[in-house]
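Worksheet: the structure to be examined is printed underneath.
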Amino acid sequence: MTPSHGPLLHEGKAKRVYATQDSERVAVEFKDDATAFNALKKAQLAGKGELNCQISARLFELLEREGIPTHYIGLQANNWMLVKSVRIVPVEVVVRNIAFGSLCKQMPIEPGTPLDPPLLDLYYKDDAFGDPLLTEARLARLALLSEEQRKELERLAFAVNDSLRRFFASVQLQLVDFKIELGFSADGTLLVADEISPDTCRLWDLQVADAQARILDKDRFRQDLGGVVEAYGEVLKRVQGACPSPRFDG
Ligand code: UDP
C-alpha cells in the first residue's frame, strides 16, 4: 500500500522523501536498494526496505521512551514512515563499542577490541569527497554547527548508544557500532533522524560463536556472506519482542 503523499523532495541510496500536506511533516519510503562502498556495490534485496522501516520505527519509539528526541511520528505502511521535516546536518555520527570496519584499517587496533569508553567519530557526509573523517578544526571551518550544537550532537549520540546498547543486549545482540544522522526541526531542536537499522548498525548475535555466522547486519552484503534479508528478519524478530506494535499515524 502506498500512502497518499506530495512531490518527491529527495532520493537517497536507501530512501525517498516526499512532501505531505503539512509543511512540517514528510513521508519516507524505505527502498529495497542495497549499496556499499560509496555505491560501488549495488543490489536489490526484496523485503529489505520493509524490514529497515519496521526496525527503525521500533528503535525510534524506544529512544523516545528514554527521552531522546527523534524525527519519528509514526508508520504509514509497511515500508513508509511519517517523520518531522528536519534540516539534516551533513555529518555522519559514528559511535563504536567494539573496534571493527574502517577504524581497524586506519589505526593499529585489532578488530574485536572492546572500546571503553565508546569512541565517537564524525564524518563529513558528502559522497563526492568519500565521507571523510572530520577533525574538530575542520568541522569548525565548515561552520555547520556552533560549539554548543556540536556538544549537543555528541551528547545525543552517546545517549543513543547507551539506550541501544542496553536494549540490544537484552535481546542477545551486541551493538558493535552504528551511524546516526541528526537534523534541526522547524523550532531549532536537534533530533535523531534518518534510520536506525542493520544498514546503519553492526549487530552480532550473542547466541552464535562463529565470527561470520553471528553477523546480522550490512556486513553480510559488504562481505558477500549471503542471507542478508534473513539476518535483518532475525533482528526485526528480536526487536519486535520488545516493541510489538509501533504506532500508525498518517
Ligand atoms: N555506516 C553507515 N553509513 C556509512 C558509513 C558507516 O551506516 O556511510 C555505519 C556502518 O554500517 C557501521 C558504522 O557506521 O555500523 C561504522 O562504519 P565504519 O566507519 O567502520 O565504516 P565501514 O567499515 O562500514 O566502511
Side-chain angles (χ1 to χ4, degrees), residues 8-17 28-53 55-56 71 79 86-109 111-112 115 118-139 141-145 153-154 157 160-161 175-183 192-204 212 215-229 231-232 235:
L8 180 68
L9 298 175
H10 172 76
E11 176 155 9
K13 293 193 280 279
K15 299 184 288 297
R16 292 187 191 94
V17 179
V28 180
E29 177 190 12
F30 286 66
K31 303 193 286 184
D32 285 341
D33 302 28
T35 62
F37 312 120
N38 205 2
L40 287 176
K41 178 173 174 144
K42 290 185 196 167
Q44 280 279 313
L45 298 174
K48 183 186 80 93
E50 184 174 326
L51 287 164
N52 280 352
C53 183
I55 293 167
S56 287
H71 71 157
N79 67 324
V86 295
R87 182 171 55 79
I88 288 281
V89 179
V91 171
E92 300 197 337
V93 185
V94 170
V95 183
R96 304 172 189 275
N97 297 304
I98 295 182
F100 213 73
S102 70
L103 179 69
C104 304
K105 299 192 182 102
Q106 294 165 355
M107 284 184 40
I109 182 162
L115 301 167
L119 190 71
L120 181 140
D121 284 326
L122 303 179
Y123 298 85
Y124 181 42
K125 182 178 156 67
D126 190 321
D127 286 341
F129 289 104
D131 296 344
L133 184 64
L134 282 169
T135 61
E136 222 169 282
R138 287 185 187 198
L139 184 60
R141 182 67 185 77
L142 286 168
L144 298 171
L145 294 166
L153 174 133
E154 295 190 359
V160 169
N161 185 48
L175 179 61
V176 174
D177 57 30
F178 64 91
K179 181 262 314 185
I180 52 171
E181 294 178 26
L182 298 99
V192 179
D194 191 44
E195 66 179 282
I196 305 177
S197 75
D199 268 5
T200 60
C201 300
R202 282 197 170 93
L203 294 166
W204 292 348
Q212 281 192 351
I215 295 172
L216 295 179
D217 56 64
K218 191 160 136 182
D219 278 346
R220 297 205 75 81
F221 175 66
R222 293 188 187 100
Q223 299 175 29
D224 287 321
L225 299 177
V228 181
V229 172
Y232 286 32
V235 173

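We number each residue from 1, following the sequence as shown.
- Checking each of V93, L120, L139 against L153 for a side-chain contact (heavy atoms from CB on, under 4.5 Å) leaves exactly one that passes, namely V93.
- Geometric assessment of K41 against the ring of F221 yields a positive cation-pi assignment under the 6.0 Å and 45° thresholds.
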* To do: Could you check V160 against V192 for side chain to side chain contact (heavy atoms under 4.5 Å, CB included), going step by step and ending with a plain yes or no?
  => CA-CA 9 Å; V160 169; V192 179; 3.9 Å; yes
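- Using modelled atom types, no side-chain atom of D126 and backbone atom of D131 make a donor-acceptor pair closer than 3.5 Å.
- Of all the heavy atoms in F100 and G112, the pair that sits closest is CD1-N, 4.3 Å.
- D217 places a side-chain N or O within donor-acceptor distance of the main-chain N or O of L203, the cut-off being under 3.5 Å.
- Distance check, rounded to the nearest 0.5 Å: CD of E92 to CG of L122 gives 10.5 Å.
- A46 approaches V229 most closely through the heavy-atom pair O-CG2, 3.6 Å.
- A donor-acceptor contact shorter than 3.5 Å links the side chain of K48 to the backbone of D33.
- Ring geometry, Y124 versus F129: the interplanar angle falls from 30° to 60°, so the pair is classed tilted.
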* Can K179 and D194 be said to form a side chain to side chain contact (heavy atoms under 4.5 Å, CB included), step by step? -> CA-CA 10 Å; K179 181 262 314 185; D194 191 44; 3.2 Å; yes
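- Few gaps surround CD on Q106; more than 12 heavy atoms of other groups in view lie less than 6.0 Å from it.
- A donor-acceptor contact shorter than 3.5 Å links the side chain of N38 to the backbone of D127.
- Side-chain contact between D219 and L225 is absent, with no heavy atoms from C-beta onward closer than 4.5 Å.
- The distance from atom CZ of R96 to atom CG of N161, rounded to the nearest 0.5 Å, is 12.0 Å.
- Side-chain atoms of K218 come within 3.5 Å of backbone N or O of T35 as a donor-acceptor pair.
- Here the straight-line distance linking atom CD1 of I98 with atom CD1 of I109 works out to 11.0 Å at 0.5 Å rounding.
- A donor-acceptor pair is defined here as one N or O able to donate and one able to accept, closer than 3.5 Å; no such pair exists between the side chain of D32 and the backbone of Q44.
- Checked by atom type and distance alone, the side chain of K31 pairs as donor or acceptor with a backbone atom of G12 at under 3.5 Å.
- Distance check: L144 CG to I88 CD1 gives 12.5 Å after rounding to the nearest 0.5 Å.
- Within the 4.5 Å cutoff, no side-chain heavy atoms of L45 are placed close to those of Y232.
- Scanning all heavy atoms of the two residues, the minimum distance from L134 to Y123 falls at CD1-C, 3.8 Å.
- Residue D177 holds its CG atom at 9.0 Å from CG of L115, rounded to the nearest 0.5 Å.
- Among all heavy-atom pairs drawn from V91 and K125, the shortest one is N-CB, 4.0 Å.
- Between the side chain of N97 and the backbone N or O of L175, at least one donor-acceptor pair lies under 3.5 Å.
- Taking both residues in full, the closest heavy atoms of R138 and T135 are given as N-OG1, 3.0 Å, listed atom of the first, atom of the second, then distance.
- With rounding to the nearest 0.5 angstrom, the CD atom of Q212 is 12.0 Å from the CH2 atom of W204.
- By the 4.5 Å heavy-atom criterion applied to side chains, C201 and I196 are counted as neighbours.
- The side-chain heavy atoms of E181 and T200, taken from C-beta on, include no pair separated by under 4.5 Å.
- Inter-residue side-chain proximity for S56 and F30 is flagged as met; some heavy-atom pair is nearer than 4.5 Å.
- Across all their heavy atoms, G226 and R220 have their closest contact at O-NE, 2.7 Å.
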